[in-house]
Each structure stands twice: as structure tokens, then as C-alpha cells.
Amino acid sequence: MPRAYHRPCTDIAEFQRLLKHSDRVLALCGAGLSAASGLPTFRGAGGLWRNHQATSLATPEAFKKDPALVWLFYAWRRHMALQAKPNAGHYALAELAKHNKDFMCLTQNVDGLSQRAGHSPDMLRMLHGNIFDVKCFDKECDYIEPNNLSDPLCPALAPASERYPADQTMPLLDPTKPTPKIKREDLPHCPTCKAAGKTSLLRPGIVWFGEALDSDMLKEVDAWVAKPRGIDIMLVIGTAAAVYPAAGYTDAARKKGARIAVINPDRSAQKGLTSRDFYFEADAAEILPKLFEGIIGKPEIPGQAA
Ligand SMILES: *[C@@H]1O[C@H](CO)[C@@H](O)[C@H](O)[C@H]1NC(C)=O
Ligand SMILES: [Zn+2]
């Protein structure tokens, strides 16, 4: 059939052939990758937590004003992420990283599920940080504790990690119940600052609104993109290709010759694609193992019956 319309290709076999002959693959992952793991995204309207707009808690100003409230929000998200399991999409990407010669995966997700699926850290960049990193709130201080999986993080934040019966709302999530009272001194403090006689708090090691992405990491990514060999495929998974920051990377990848493949059940995510590109209207957990078949084989997913 002639491609009269500039619609992206949706043929899985054609994508598999292209991937087989690809040396350099770039992936950009968003919240949709972790959707099948059951993690809430807090994006857009209705992203409420205890009647707070979740996005308004994700700022340095909110932390300065009420560190206990912001810590409770993140302590709960840490707890949720630890309860969640990587899905077949995370495993398929981790497996592709093992098989593809030059693969770079950028993720906007802070939940650590890609790492837990065994994704090689050399081929994974967490654009928005890691919810399990704990670092000093003082910008002058470079104290950071990578990947602290303690849950609760400290005794004062235990209300965010409590067990509750499945048919009941967790008291912490019920906005009609008072917020647990936590004293500032009971929140985690920076040991480096303490030694210097200061009392700086620790904070989650993620990029909040109004903060810049790590410049060393961005330089590394730019250098990878700029390599003379070009890019064969760019996968845009669970995020929209035409929205920043994905848009910047898709433009850059296109300039290096890449064909873009968008994987997203939301059809509006294919905006800006051409007939050279691919679009798969599906959840990442369902379709990534199929798309990578022939390269990765059938990945084994721990805890899932055959
Ligand atoms: C995680 O951080 C908390 C607060 O700083 C600390 O008390 C705890 O020992 C850390 N856990 C690990 C495993 O390092
Ligand atoms: Zn400090």
C-alpha cells in the first residue's frame, strides 16, 4: 500500500528487522513505563496528595516552608516504589542493554525500577534523579547518600510506611485525618554539615521543579548523541515525543539519522511523527518484549508464573 498519509509505521516485524540491524539505540522513558507496575504518576490535573497539588510539593520552596510535609510525601513514594515490582517493559529494556552494542537509556522515572530489573548502570541515565538518593538540602554541601533503601528512612517518617488492611485507606492518605506531627529535629540531617556546626536537612535526591538537571550527566548524554556513527533508532516510551524534554532529544536523534519509535497507549503521543517513524499504541510492559523479540529472547520475569 502506498504511504499516501504521513502516518508512522505500526508493523512490528518491520521494526524488529530494523532493530536487528541497528548498532546505536537511544531510549527515553517516562511515567508510562512504570504504569503497569502500579505507581501513581501525579502528572497534570487531579494529581492530588492529601488535597495538596502533588506538583506544588516538588519544589525547594515547599521543602523550605514545610520539610516534614514534603518528606512525608516522598517517604510514601519511596515506600510505594519499594512495594512495586519492575514489569516486563523494564526487563525487556534491561535485556536489550545487554545485547545492543551501543545503547543509551534516559529515564525520567525516579522509582529505581529499571535498576531493579538489572539495567546496566553504564547504559542508564536518570534525568530526574533517584528517589532513593538522599542528599543535603544546602547547595554548598555536596553530601549524598546514593540508593538508601531504608523504609522507613527514619523513625519519624514511619507513618509513610505503615501497613494497613486492603479495604481501608491508609491514614496518611486521608486528608480528613491530621498530618502526623513531625519535629524538624527528627527529620534526617546532613552528617557533613553537623560536623561543621550547621543543621542542614537531608532531602530526596531528585530534580524538583525550578531546578536544573545535572550538568555533567547532560554533557555525557550530549557526547553520546554527538558520536559520528549516528543513531539508528530512538525509542520514546511512555511519554510524548513532542513534549520537552523528549522533543529536544527526538530532534537531536533525527539529525543523527534516527528513526523514532513511540510506544504509548495514548494516541496523542504520536504527534510529530512521519512515515519514516514507528508508532505502537500499547502499554510498554505488553509490547516491548515483542518488539525486542529475536534479539533478547524471552526474558524471565522473577515472580511471574510461566
Ligand atoms: C538511610 O538514611 C537514614 C537517614 O540519613 C539513615 O539513618 C540510615 O542509616 C540510612 N540507611 C542506610 C542503609 O544507609
Ligand atoms: Zn550538608
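As the structure lists them, so they are numbered: ligands from 1, and atoms in each ligand from 1. Computed from a predicted model, the values in this text were never measured in an experiment.
Around CZ of Arg267, the count of heavy atoms belonging to other residues, nucleotides or ligands within 6.0 Å does not exceed 12.
Arg24 pairs with exactly one of Asp232, Asp102, Asn100 by the side-chain hydrogen bond (donor to acceptor under 3.5 Å, both in side chains) rule, that one being Asp102.
For the pair SG of Cys136 and SG of Cys193, the angle at the Zn ion (ligand 2) is about 110°; rounding is to 10 degrees. Computed with the Zn ion (ligand 2) at the centre, the Cys190 SG to Cys141 SG angle is 110°, stated to 10 degrees.
Counting only residues at least two apart or in different chains, ring-ring contact (aromatic ring centres under 6.0 Å, His included) contacts with residues 12-33 comprise Phe15-Phe278, Phe15-Phe280.
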Report all N/O contacts between ligand 1 and the protein shorter than 3.5 Å as a table of atom names and distances to 0.1 Å; if there are none, say 'none'.
residue: ligand 1; atom: 2 (O); partner: Glu145; partner atom: OE2; Å: 3.2
residue: ligand 1; atom: 2 (O); partner: Asn148; partner atom: ND2; Å: 2.2
residue: ligand 1; atom: 11 (N); partner: Asn148; partner atom: OD1; Å: 3.3
residue: ligand 1; atom: 11 (N); partner: Asn148; partner atom: ND2; Å: 3.0
residue: ligand 1; atom: 11 (N); partner: Ser150; partner atom: OG; Å: 2.8

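In the model, Thr169 has no side-chain atom that pairs as donor or acceptor with a side-chain atom of Asp174 under 3.5 Å. For the residue pair Tyr279 / Glu281, no side-chain donor-acceptor distance below 3.5 Å is found, with atom types taken as modelled.
Between Arg259 atom CZ and Ile233 atom CD1 the span is 8.0 Å, to the nearest 0.5 Å.
The two residues Pro67 and Leu201 make their nearest non-hydrogen contact at CB-CD1, 3.6 Å.
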